[in-house]
Amino acid sequence: MNILYASSEAHPLIKTGGLADVAGSLPVAIKKLGHDIRLLLPAYHEVLAKCSDLKEVAQLNLPTAQYPVKILQGKLPNSQVTLWLVDYPAAFNRPGNPYMTLQGEPWPDNPHRFTLLARAAVELSQNRAGLNWQADIVHCNDWQTALTPALLSLEPLRPATLFTIHNLAYQGIYKKETFDALALPTDLWHPQGVEFHKQLNMIKGGIAYADIITTVSPTYAREIQGSEYGNGLEGMLRHRSERLFGILNGVDYHEWNPEKDRYLVKRYSASRFEDKAENKRALQKESGLPIRDKTPLIGLIARLVDQKGIDLLLNALPHLIKQDVQLVILGSGEQHYEQQLLQWQQWHPEKISVTIGYDESLAHRIEGSSDMFLMPSRFEPCGLNQLYSLKYGTVPIVRRAGGLADTVIEASKQNIENRTATGIVFDHADTHAICWALDRAITLYHQPEGWQQLCKSGMAQVFDWKVCAEQYLALYKKAEGFRG
Ligand code: ADP
């Protein structure tokens, strides 16, 4: 099949979260199965700086663009996947985050920027760029590329479309004037289209018009059809439920593997699990914490936003801090969370280490050094860190939500007895529940034999991209059937 995979980020070129990990891995796995998949990304400043082999292969005249949009071609690093970059410097060649200014505000021209990306996908997928390539499938991701299925729905000989929701909480909602300024076809403006309470809702372009919709876990696919997690789109998602599927993300085990991890001071495996202790000592030293082998070390890496349950952690800290534990936290996000966490570090520097920022190598060291990993998310479409934690024998403590519920097997008495347990799972998003989970993890930690079993059961879990790629390919075929 010929597949155009459109995304607003992809590891290792540009990353703000899980979407980048998926867009950097899934196309590679699909390519390895013998399909011609091309990855479409904006030519951000950071991406241009990381690619050395780019050549201009086409120019597109797109509505609202002041000058021709160039298409640059290269390869996604360490892969055979063809990379196409949408090069329009006024929109993309600027420093910083793909979505936000240095002050943390969304770029004011985001709708314009990502509509350019969506329109480039429409042209490239239909062989209208002079590249002698026609897509059978266009696979789009999140609101930034969601207008592509909507625009393609108006084309008579269009490719089939699949739209993946990585996070329904971000929808790309703008005023009606923005819709007009973008010169979008008025055929799309109605409540079953991209209109949402008289506003433009970009993610609806994917949900309303794609032949198939997916989310990144089966539980999240169910959850978003209800009012608690549907963000106002539950009705439309229920209406399209026969087209809605949940496929769990995989893990890039070249990147996230304690046996090969270049960021660890000591590599280890399930059969040399005792070597992990050396990493723990190194991280304690690096983080300014006392070096203590027998004190449970809890890791947390996340965007510091409401979704991730940071308030639950903050509520649990007065209880947690009374115990013999250490916490290593890495993240950035809402200022009030950053400040409160830093305040806790000041109060208890011997127990809490907080790093504000984005640090790939520290993220690896936290996974490879902690005894347990906390993810108290209020909702979690898939979640990747619990999957990395399993591989690193770092026991995940998670809330039973979305992909966390689908990937961590609770350490109930029965699951411990039959050796299937892989982590601690709690139900309610409240202080009592998170404290219960942390206490349970600490109690189990002090029973070394059972704890090792828990770590090793986790390490034996496999979330293989090849399996995901096969599932997506089956859905691409189905999407072609739906297109008719
Ligand atoms: P989300 O996409 O909602 O942020 P995921 O768990 O799906 O959450 O993916 C988050 C990815 O981003 C993981 O690979 C995680 O390690 C990484 N990450 C998040 N915050 C940081 C940070 N501050 N530094 C380094 N990596 C981070």
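Values in this document were obtained by computation on a predicted structure and should not be read as measured data. For ligands, and for the atoms within them, numbers begin at 1 and follow the listed sequence.
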Contact partition for D359 relative to ligand 1, non-hydrogen atoms under 4.0 Å: backbone

Parallel under 30°, tilted from 30 to 60°, perpendicular over 60°: which one fits the rings of Y388 and W256? parallel

Does an N or O from M375, backbone or side chain, lie closer than 3.5 Å to an N or O of ligand 1? no

Numbered in order shown, the ligand 1 atoms found under 4.0 Å of a heavy atom of K308 are 1 (P), 3 (O), 4 (O), 8 (O)

Mind checking whether T16 has an N or O less than 3.5 Å away from an N or O of ligand 1? no

Would G18 count as a polar contact of ligand 1, with the cut-off being nitrogen or oxygen pairs under 3.5 Å? yes

Quick one: does G383 get within less than 4.0 Å of ligand 1, heavy atoms only? yes

Is the closest heavy atom of K15 to ligand 1 under 4.0 Å? yes

Any heavy atom of D21 under 4.0 Å from ligand 1? The part involved is side chain

Aromatic contact between Y472 and H139, with the criterion being ring centroids under 6.0 Å apart: yes or no? yes

Any N/O pair G357/ligand 1 closer than 3.5 Å: yes

Check ligand 1 against G331 and write out every atom of the ligand that is under 4.0 Å from a heavy-atom position of the residue. 23 (N)

Can you check whether Y99 and W107 have ring centres sitting under 6.0 Å from each other? no

